[in-house]
Amino acid sequence: MKVCGTVFKYGNDVDTDVIIPARYLNTSSETELAAHCMEDIDKEFVKKVKPGDIIVAGDNFGCGSSREHAPIAIKASGVSLVIANSFARIFYRNSINIGLPILECPEAVAAIAAGDTVSCDLAKGEIVDETTGKTFQAEPFPAFIQNIIDKGGLIKSIAARQN
């Protein structure tokens with residue numbers, strides 16, 4: 001799978017409380033969660049994000065509570081990929097479970113700027129900053145995890161195997 005979009009860039013320790021504030025956890029509506037995604041760290045995010053856009057962040061992205069709402073809000077907002085130096089363990093697994101592509105690549109994080117256009121071949125882990133022409137290599141997921149992401153998450157991938 002290949003993705004391409006404009007970068008929204010954030011720093012270290014972006015926690016689940018700023019990805020989707022707790023005051024919105026009384027809904028499971030993906031549309032409603034997307035409407036409030038990142039609002040406590042970037043009030044303009046939901047007005048500017050377009051399908052395919054990419055989040056780039058520092059260390060420990062998705063730290064805090066274990067709410068699955070956080071990667072759901074990001075994916076439902078149209079974000080096609082999150083690239084970070086590192087991810088909180090539970091956020092990492094929740095992202096795979098709901099089919100949100102994520103990659104760890106500190107070199108890309110250091111070089112990519114907010115507003116850059118970035119493309120990525122997820123199967124290869126190849127990240128290209130189309131704005132600067134620089135290419136970076138992340139460790140791609142093994143085929144079985146890539147299949148989960150490609151199918152839209154764990155539940156959908158299991159359902160596809162049973163059909």
Side-chain angles (χ1 to χ4, degrees), residues 1-16 18-20 30 33-34 37-38 41 45 49-64 66-163:
M1 182 164 76
K2 295 182 181 180
V3 299
C4 185
T6 302
V7 168
F8 289 83
K9 190 160 184 181
Y10 303 102
N12 296 330
D13 302 313
V14 174
D15 67 47
T16 55
V18 298
I19 295 170
I20 186 66
E30 292 181 9
L33 292 171
C37 187
M38 307 302 278
I41 193 172
F45 178 81
V49 68
K50 297 178 300 305
D53 284 348
I54 295 169
I55 290 176
V56 175
D59 297 327
N60 203 26
F61 188 85
C63 59
S66 62
R67 63 185 69 149
E68 196 171 57
H69 296 70
I72 290 170
I74 291 171
K75 184 178 177 185
S77 74
V79 169
S80 64
L81 171 66
V82 179
I83 303 167
N85 287 340
S86 63
F87 293 92
R89 182 181 58 82
I90 294 174
F91 181 89
Y92 186 94
R93 188 59 207 188
N94 282 340
S95 295
I96 293 167
N97 286 346
I98 62 103
L100 174 65
I102 57 174
L103 289 173
E104 292 182 340
C105 188
E107 297 81 14
V109 171
I112 294 170
D116 284 1
T117 299
V118 168
S119 64
C120 181
D121 183 327
L122 294 169
K124 295 179 182 175
E126 183 181 80
I127 301 165
V128 179
D129 186 333
E130 302 290 346
T131 303
T132 65
K134 293 181 181 175
T135 300
F136 309 93
Q137 186 61 52
E139 183 70 32
F141 283 115
F144 78 98
I145 293 179
Q146 190 59 53
N147 181 58
I148 292 170
I149 292 169
D150 291 346
K151 297 284 191 230
L154 184 60
I155 300 296
K156 291 177 182 176
S157 72
I158 292 169
R161 275 193 282 165
Q162 295 175 345
N163 292 331

Donor-acceptor contact below 3.5 Å, side chain [X] vs main chain [Y]:
| X | Y | result |
| --- | --- | --- |
| Asp121 | Lys2 | no |
| Thr135 | Val128 | no |
| Asn147 | Asp150 | no |
| Ser86 | Asn60 | yes |
| Glu126 | Ser119 | no |
| Lys75 | Ile98 | yes |

Measure the spacing between [atom1] of [X] and [atom2] of [Y] and express it to the nearest 0.5 Å.
| X | Y | atom1 | atom2 | result |
| --- | --- | --- | --- | --- |
| Ile20 | His69 | CD1 | NE2 | 8.0 Å |
| Asp15 | Phe91 | CG | CZ | 11.0 Å |
| Ile102 | Tyr92 | CD1 | OH | 5.5 Å |
| Met38 | Ile74 | CE | CD1 | 6.0 Å |
| Asp13 | Phe61 | CG | CZ | 11.0 Å |
| Ser77 | Ile19 | OG | CD1 | 10.5 Å |

Give the minimum heavy-atom separation between [X] and [Y], together with the two atoms involved.
| X | Y | value |
| --- | --- | --- |
| Val49 | Val79 | CG2-CG2, 4.0 Å |
| Gly58 | Asn12 | CA-OD1, 3.2 Å |
| Ser66 | Ile90 | CB-CG2, 3.5 Å |
| Ile54 | Gly5 | CD1-N, 3.9 Å |
| Ala108 | Ile127 | CB-CD1, 4.2 Å |
| Leu103 | Cys120 | CD1-SG, 3.5 Å |

Quick check: do [X] and [Y] have side-chain heavy atoms less than 4.5 Å from each other?
| X | Y | value |
| --- | --- | --- |
| Val3 | Pro101 | no |
| Phe141 | Ile148 | no |
| Pro140 | Leu122 | no |
| Val82 | Tyr10 | no |

Checklist entry - Which side chain to side chain donor-acceptor pair (under 3.5 Å) pairs, counting each pair once, include a residue from residues 94-114, with sequence neighbours left out? => result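 Sorted result for residues 94-114: Arg93-Asn97.
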Checklist entry - Quick check: are there more than 12 heavy atoms from other residues, nucleotides or ligands sitting under 6.0 Å from CD1 of Ile145? => result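 Yes.
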Next on the checklist: Is it the case that over 12 heavy atoms from other parts of the model lie below 6.0 angstrom from the NZ atom of Lys9?
Outcome noted: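 Yes - once you tally the heavy atoms of other residues, nucleotides and ligands closer than 6.0 Å, there are more than 12.
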Checklist entry - Is there a side chain to side chain contact (heavy atoms under 4.5 Å, CB included) between Ile83 and Val109 once you walk through the steps? => result CA-CA 7 Å; Ile83 303 167; Val109 171; 4.1 Å; yes
Next on the checklist: Run the side chain to side chain contact (heavy atoms under 4.5 Å, CB included) test on Phe136 and Ile112 for me, step by step, so that the C-alpha distance in whole Å, both residues' side-chain angles and the decisive distance to 0.1 Å come before the verdict.
Outcome noted: CA-CA 10 Å; Phe136 309 93; Ile112 294 170; 4.2 Å; yes
